[in-house]
Amino acid sequence: MSEPKTIIDTPETVDNVEEIKTTTGQFNSLVHQIMDNNPYFAAGGGLMLLGSALALARSGFKGLSSLLYRQLIVDLEIPSKDKSYLWFLQWMGQHPNRSSRHLSVETNFIQHDNGSVSTKFQLVPGPGNHFIKYKGAYILIKRERSGKMIDMTNGAPFETVTLTTLYRDRRLFDELLKEAKDLAFKSNEGKTVIYTSWGPEWRPFGQPKAKRLLPSVILDKGVAEGIVYDVKDFMKNGEWYFERGIPYRRGYLLYGPPGSGKTSFIQALAGSLDYNICIMNLAEANLTDDRLNHLMNNIPERSILLLEDVDAAFNHREQTAENGFKSGVTFSGLLNALDGVTSSEETITFMTTNHVERLDPAIMRPGRIDYKVYIGNATSYQIGQMFLKFYPGENELCEKFVKKATDLDVPISTAQLQGLFVFNKNSPENSLNMVETLKSPNHVFQ
Ligand SMILES: Nc1ncnc2c1ncn2[C@@H]1O[C@H](COP(=O)(O)OP(=O)(O)OP(=O)(O)O)[C@@H](O)[C@H]1O
């Protein structure tokens, strides 16, 4: 059996370890020598070490801070093309506990019930950072304006408002937006907002108008009552439509000569229902089938869709207007848009025309036009009612006026009557003496 082999350090191994120790010692003494003799090198080396340590710390801190940010902070971004953007700015402009160093002005013209208009300047937060305290929480608000991107629908620079608060207070965003919406709606209370199309969207056109009262529009006996009854009946029967799978929409056509009160009645009807009006001009230059379809399917809530002078864009199926203008909308595009109008809420579409004979029968079928009514020139009933609306209590003069006007035996529009009575605001006698002027429909009272 061979002797156990004792492994001992052979001289070669010992020499290697000694050699490594010597080399390390020599390296350390070299570094010390360099450090001692070259302070810049020492400083540089120190800085490098410090820098790397800080970089490490920074990235660690950055990671930690972004982790903390994600866990502790929450953001809400509101782009300028969203409906709530303007609501929020107006709400913010009126919020008491806010600190803003950058303000911008919004000038509004307010139409009062008596028809007068006043100017109102509202200071809203301009681009930059703002702070508010809302229900005990501090919220940072950053309004940024894009230097490059333009909102194609209104030509204004694209903007964003970002709200930042603690994650635990994130429920406040919903409450805040609801408050802003309620404030915006409240400012429109008692008024009718007229929307027009801006690119693919509906935007308020000018300031909300004072509601036009239904009794102020004098139609022939029973005409207004019939329309109002039908609309209210339709609005009460949403369930009936859904149970039968019928699209919840109804189309009305008011046709008749100019100045008979078609548009005024629709505006007054909207006001009485607390609805707004979306006016769609089919002859609009860059309107296309797709945009029409999109617009008609994205009508703001509680709004009546109004297609005025629906014959203007289409003479039967031709896309022509009297001045030969060709609309970008095809007739089938209009029919599809009317048929495609489906929304969870009721959709009420009013169309007006002075030339019903020019409308293609396809548009007149039920489901597109369900209720058609002639709004004509003033009947003797309307002449009397218009006279007494302007000169309450003047019953004797009223009878004389009605007789003289009907004896003219010419068509008289209610717009003409309004023109005469406005010209003789305080003198029914003068109106009686000027009845002859009603013979010319375009007479200018001056
Ligand atoms: N029946 C009416 N009752 C009260 N005002 C009327 C009536 N008809 C017309 N007017 C007045 O005449 C003007 C024009 O009315 P409106 O625009 O409603 O007529 P229209 O039938 O829509 O005309 P067009 O067909 O040309 O659009 C308005 O200022 C309105 O107040």
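Worth saying up front: this structure is predicted, and the values here are computed from it rather than measured. Order of listing sets the numbers, starting from 1, for every ligand and every atom in it.
Residues D290 and T288 bring no donor and acceptor atom of their side chains to less than 3.5 Å of each other. Using modelled atom types and a 3.5 Å distance limit, the side chains of Y134 and T165 yield no donor-acceptor pair. Judged by distance alone, the side chains of T162 and D75 never bring a donor and an acceptor atom under 3.5 Å apart.
Between E308 and ligand 1, not a single N/O pair is under 3.5 Å apart. Considering backbone and side-chain atoms together, V217 places no N or O closer than 3.5 Å to any N or O of ligand 1.
Counting only residues at least two apart or in different chains, ring-ring contact (aromatic ring centres under 6.0 Å, His included) contacts with residues 169-194 comprise W87-F185.
Listed by number with element, the atoms of ligand 1 under 4.0 Å from a non-hydrogen atom of Q418 are 5 (N), 11 (C), 12 (O), 28 (C), 29 (O), 30 (C), 31 (O). Within ligand 1, the atoms closer than 4.0 Å to a non-hydrogen atom of N354 are 25 (O), numbered from 1 in the order shown. The atoms of ligand 1 that sit less than 4.0 Å from any heavy atom of T414 are 1 (N), 2 (C), 7 (C), 8 (N), 9 (C). Counting the atoms of ligand 1 from 1 in the order shown, those under 4.0 Å from a heavy atom of S264 are 15 (O), 16 (P), 18 (O), 28 (C), 30 (C), 31 (O).
F61 does not carry R58 over the face of its six-membered ring by the limits of under 6.0 Å from the centre and within 45° of the normal.
Salt bridge status for D182 with K178: present, with a side-chain N to carboxylate O gap under 4.0 Å.
Atom CE of M92 sits about 10.0 Å away from atom CZ of R143, to the nearest 0.5 Å.
Given atom 4 (C) of ligand 1, the protein heavy atom at minimum distance is S216 O, 3.3 Å. Atom 24 (P) of ligand 1 has its closest protein heavy atom at G259 N, 3.9 Å. The protein non-hydrogen atom at the shortest distance from atom 12 (O) of ligand 1 is A415 CB, 3.4 Å. Of all protein heavy atoms, the one closest to atom 19 (O) of ligand 1 is G261 N, 3.3 Å. Of the protein's heavy atoms, T263 CB, 3.9 Å lies nearest to atom 17 (O) of ligand 1. Remark: minimum distance from atom 21 (O) of ligand 1 to any protein heavy atom is reached at K262 NZ, 2.8 Å.
Ring geometry for F387 against F421 counts as perpendicular: the plane angle is over 60°, on a 0 to 90° scale with 30° as the lower cut. Taking the six-membered ring where tryptophan is involved, the planes of F234 and Y248 are tilted, since the angle between them lies from 30° to 60°.
Residue R212 places a heavy atom less than 4.0 Å from ligand 1. Contact annotation: G256 has no heavy atom less than 4.0 Å from any atom of ligand 1. Residue contacts with ligand 1: I218 is included, with a non-hydrogen atom under 4.0 Å away.
For K232, there are no salt bridge (Lys or Arg N to Asp or Glu O under 4.0 Å) partners two or more places apart in sequence or in a different chain.
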